[in-house]
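First the structure, in the form of structure tokens, and then the observations on it.
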Amino acid sequence: MGCAGSSQSQGGGEGSVKKISKPKPWKHPQPITKAQLMQLREEFWDTAPHYGGRKEIWDALRAAAEADISLAQAIVDSAGVIVQNTDLTVCYDERGAKYELPKYVLSEPTNLVEEN
């Protein structure tokens, strides 16, 4: 039995749990309204499972993306999601499938505009 945490950095096991954090501020290529942002999010979540991975993991990631940080942490932990990037932009499931989330499903851009 060697060093306790030396081989757990890539892949799962309780030693590699990363705490999630709010995404850094970001800017959409052009100013966008809240309605447009919501439509982008809806389209992403509707199509994401078709690109691979398990539906229950996508559902957990959506719930986490729409929750506050502490609840999001509990959701990804209980679903067995392995967080690669602490802002949830890159995650894996226990089988090694990769899940990539665009920033627009995780937070609002700095150039969100009011609708007329």
**Message:** Testing the basics here: between Leu37 and Pro109, what is the closest heavy-atom pair and its distance to 0.1 Å?
**Reply:** CD2-CD, 4.0 Å
**Prompt:** So, for Val83 and Lys18, which heavy atoms are closest and what is the spacing to 0.1 Å?
**Reply:** O-CD, 3.3 Å
**Asked** So which heavy atom on Arg62 is nearest to which on Glu42, and how close?
**Response** NH2-OE1, 2.9 Å
**Prompt:** Do any N or O atoms from the side chain of Glu94 and from the backbone of Val81 form a donor-acceptor pair under 3.5 angstrom?
**Reply:** no
**Asked** Between Lys22 and Asp87, does at least one N-O distance fall below 4.0 Å, as a salt bridge requires?
**Response** no
**Message:** Strictly distance-based, threshold 3.5 Å: is any side-chain N or O of Thr89 a donor or acceptor partner for the main-chain N or O of Asn85?
**Reply:** no
**Item:** Heavy-atom closest pair, residues Ala60 and Ala79
**Value:** CB-CB, 3.7 Å
**Lys98 vs Val90, side-chain contact (heavy atoms from CB on, under 4.5 Å): CA-CA, chis, key distance, verdict** = CA-CA 7 Å; Lys98 186 176 186 180; Val90 179; 3.7 Å; yes
**Donor-acceptor under 3.5 Å (Gln36 side chain, Thr33 main chain)** = yes
**Asked** Do side-chain atoms of Asn111 reach the backbone of Lys27 as a donor and acceptor pair under 3.5 angstrom?
**Response** no
**Prompt:** Do Cys91 and Ile82 come close enough that some side-chain heavy atom pair is under 4.5 Å?
**Reply:** no
**Nearest-0.5 Å distance that lies between atom CD in Glu115 and atom CD1 in Ile32** = 10.5 Å
**Prompt:** Just wondering, more than 12 heavy atoms not from Glu114 lying within 6.0 Å of its CD?
**Reply:** no
**Request:** Would you check if Thr86 and Lys19 make a side-chain contact, meaning some heavy-atom pair closer than 4.5 Å?
**Result:** no
**Complete:** Heavy atoms of Ser21 and Ile69 approach each other most closely as C-CD1, 3.7 Å
**Item:** Polar side-chain atom of Tyr99 near backbone of Arg54 as donor-acceptor pair, under 3.5 Å
**Value:** yes
**Item:** Atom pair CZ (Arg41) and OH (Tyr104), whose distance is rounded to the nearest 0.5 Å
**Value:** 10.0 Å
**Prompt:** Are Glu108 and Lys103 ion-paired here, with the side-chain N under 4.0 Å from a carboxylate O?
**Reply:** no
**Prompt:** How many angstroms lie between CD in Glu66 and CD1 in Ile75, if you round to the nearest 0.5 Å?
**Reply:** 9.5 Å
**Prompt:** Looking only at heavy atoms, which two atoms of Ala72 and Ala64 are closest? And how far apart?
**Reply:** CB-O, 3.3 Å
**Fill in**
Distance col, row Trp58:CH2 vs Asp93:CG, nearest 0.5 angstrom, shows 10.0 Å
**Prompt:** So do Leu101 and Trp45 actually touch side chain to side chain, heavy atoms under 4.5 Å?
**Reply:** yes
**Asked** Can you get from Leu40 to Leu112 by hopping between Ile, Leu, Val, Met, Phe, Trp and Tyr side chains that sit under 4.5 Å apart?
**Response** yes
**Request:** May I ask you to decide if Trp26's main-chain N or O and Thr110's side chain share a donor-acceptor pair within less than 3.5 Å?
**Result:** yes
